[in-house]
2 protein chains.
Amino acid sequence: MNVKALERRSGIAIWRQIADELRNEIATNLALKDSRLPSELTLAKRFDVNRHTVRAALNALAKEGIVESRQGQGTFVRRQTRISYPIGKRTRFSDGIGKQAQTTRGKLLSLSTEIATPEIASALQITAGSNVICLDALSEADGMPVSRSTSWFCAQRFPDIGAAYQTTGSITKALAHCGVDDYLRQSTEIEAHHATMNDTEYLQLSPGAIVLVTQAINSDTDGNPIQYSKTRFAADRVSLMIANEL
Amino acid sequence: MNVKALERRSGIAIWRQIADELRNEIATNLALKDSRLPSELTLAKRFDVNRHTVRAALNALAKEGIVESRQGQGTFVRRQTRISYPIGKRTRFSDGIGKQAQTTRGKLLSLSTEIATPEIASALQITAGSNVICLDALSEADGMPVSRSTSWFCAQRFPDIGAAYQTTGSITKALAHCGVDDYLRQSTEIEAHHATMNDTEYLQLSPGAIVLVTQAINSDTDGNPIQYSKTRFAADRVSLMIANEL
DNA sequence: CCGGATTTGTGCGTATGTATG
DNA sequence: ACATACATACGCACAAATCCG
């Protein structure tokens with residue numbers, strides 16, 4: 001345990017490194033909800049730092065709503081929740097999230113018609129340079145932003161997808177409006193990055209936070225790609241679940 | 001563009017926030033390989049900081065081998081590679097990685113027999129408290145550590161799995177030794193976290209780096225779980241690819 | 001080959017943030 | 001709360017390498 005010391009010239013303050021470490025342990029169930037964390041002095045000894053530094057770390061976690069300090073008693077875990085987002089052949093955002101969160105919304109940020117780049121054309125299997133509809137949306141659960149996604153559709157096949165999404169607030173329903181009553185997830189690529197300044201803005205994250213980035217292609221039942229999307233999830237609010245039907 | 005200012009009391013140095021932002025843009029192909037980055041003065045104006053601060057960020061990226069600065073010429077992108085790790089019903093680590101990297105190894109870190117916790121027992125569908133074999137391994141590609149995984153097997157069914165892994169260096173071959181010639185990926189859960197001190201040690205990461213954490217269950221062809229594993233990937237070296245056969 | 005413009009490399013003084021006791 | 005040491009960020013100045021007309 002504790003094999004490596006905290007690094008001092010890494011551009012990340014020690015109190016933040018400790019906060020990240022503790023947040024991790026809470027998230028991976030090493031510390032259970034409502035349980036008491038070790039005392040500030042114990043933590044200071046464990047990380048080999050001053051008690052002030054531990055207090056700065058706990059202060060940051062308290063601001064995030066993860067722990068709560070009570071004078072004379074100690075510091076306690078408040079929550080360690082994560083929304084599980086299923087990814088499978090027939091996964092719909094509203095289906096998966098709807099059951100776990102109280103309220104689910106998709107908010108349209110922007111809607112535009114663009115010229116397909118080679119990347120988009122290749123994903124949608126259309127000729128490069130043809131028109132695509134670009135749909136930018138923010139998804140929220142229980143009032144907290146969860147993900148921001150950009151989707152591309154073939155403009156020729158789905159000219160009214162934007163209007164349909166705006167009225168329904170759901171990709172699935174919008175596609176149904178356009179004559180697609182069933183579709184399948186063909187592929188998903190997952191990466192993790194540090195939050196960009198755009199992410200900190202739209203997903204209400206702090207710098208240094210993590211985003212899970214997925215690139216997905218959805219196809220109709222004949223195997224023709226109909227939607228190409230890139231989604232950025234606030235990593236501390238979700239986990240991605242891949243289930244394979246046997 | 002550039003909607004939000006960099007945060008100054010966030011515990012993360014501004015030069016590191018800029019480095020994260022630039023690394024992101026390089027990784028998402030906004031800057032191509034061998035292309036020149038904007039000049040230090042231009043970047044300083046864009047982020048509204050001193051040129052020294054931009055230099056500190058570029059210095060960090062240079063140490064990571066991502067960019068290279070040449071006096072009088074500019075700063076150039078050196079690489080933006082990521083190993084793609086496929087996740088599917090029939091995915092094997094060596095299969096997926098072997099084609100992309102020159103050398104692939106699995107190094108056994110530790111091997112022990114443990115009492116199944118409720119979590120492990122539930123995943124393997126065995127009675128809690130029975131014996132399980134815990135196998136800790138480090139995977140490398142081209143000499144760089146890529147992932148660290150901990151796997152649990154039912155001790156009753158696979159008493160010799162440890163020895164088999166040690167001689168073969170592959171889970172697939174070790175399972176074949178124990179009479180399992182085919183298995184399927186039943187489920188995978190994915191999260192992203194900041195690197196712990198253990199991660200920085202074993203995966204050679206710097207503090208603030210990101211790890212992709214997967215929890216997976218493999219089953220034999222009859223649907224009985226045979227392996228439960230948790231794997232921690234160095235996020236800046238891999239992307240996870242999920243392909244669904246149609 | 002010259003000279004001016006551009007770009008990275010370096011030094012120093014100062015103010016603020018971080019970490020210790 | 002206070003004092004001390006170090007890291008970070010800023011501003012200014014100038015040197016060195018490269019590019020281009």
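Please read all numbers here as calculations on a predicted model, not as lab measurements. So that the names make sense, note that chain A is the first sequence line, chain B the second, and so on, each numbered from 1. Scope of the values below: all heavy atoms of this structure, side chains included, with no hydrogens, waters or symmetry mates.
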### Message
By the 4.0 Å heavy-atom rule, please label B/Arg55 as base, sugar-phosphate, or nothing.
### Response
base

### Message
Over all strands shown, is B/Arg16 touching base, sugar-phosphate only, or nothing at heavy-atom distances under 4.0 angstrom?
### Response
nothing

### Task
Using atom CZ of B/Arg70 as one end and atom C1' of D/dA17 as the other, report the distance to the nearest whole Å.
12 Å

#### Entry: Length of the line joining B/Asn59:CG and D/dA7:P, which is rounded to integer Å
15 Å

Would you say a side-chain N or O of [X] is under 4.0 Å from OP1 or OP2 of [N]?
{"X": "A/Arg8", "N": "D/dA5", "answer": "no"}
{"X": "B/Gln73", "N": "D/dA17", "answer": "no"}
{"X": "A/Arg9", "N": "D/dT8", "answer": "no"}
{"X": "A/Asn50", "N": "C/dG21", "answer": "yes"}
{"X": "B/Thr53", "N": "D/dC10", "answer": "yes"}

### Query
What stem regions, each of at least 3 consecutive Watson-Crick or G-U pairs below 3.5 Å, can be found for DNA chain C?
C:2-21 with D:2-21

### Task
Measure from the side-chain N and O atoms of A/Arg237 to the backbone N and O of A/Pro145, and report whether any donor-acceptor pair falls under 3.5 Å.
yes

### Under 3.5 Å donor-acceptor, B/Glu21 side chain and A/Met197 backbone
yes

### Task
Applying side chain to side chain contact (heavy atoms under 4.5 Å, CB included), name anything that partners A/Ser122, two or more places apart in sequence or on another chain.
none

## Note on the structure
Sorted by position of nearest nucleotide on DNA chain D, 5' first, the leading residue of B/Arg51 and B/Ala56 is B/Ala56

### Task
From the options C/dG9, C/dT7, C/dT20, select the nucleotide whose nearest atom is closest to the side chain of B/Ser39.
C/dT7

### Task
Ignoring hydrogens and angles, answer whether the base of C/dG9 and the side-chain atoms of B/His52 contain a donor-acceptor pair closer than 3.5 Å.
no

### Query
Does NZ or CZ of A/Arg148 fall inside the cone over A/Tyr202's six-membered ring, less than 6.0 Å from its centre and within 45° of the axis?
yes

Name each donor-acceptor pair under 3.5 Å that joins a side chain in residues 61-71 of chain B to protein atoms two or more places apart or in another chain, with its distance.
| from | atom 1 | to | atom 2 | distance (Å) |
| --- | --- | --- | --- | --- |
| B/Glu64 | OE1 | B/Arg23 | NE | 3.0 |
| B/Glu64 | OE2 | B/Arg23 | NH2 | 2.9 |
| B/Ser69 | OG | B/Thr75 | OG1 | 3.0 |

### Flag for A/Glu25-B/Thr196: side-chain donor and acceptor within less than 3.5 Å
no

#### Entry: Nearest non-hydrogen partners of A/Thr231 and A/Ser149, listed with the distance
OG1-CB, 3.4 Å

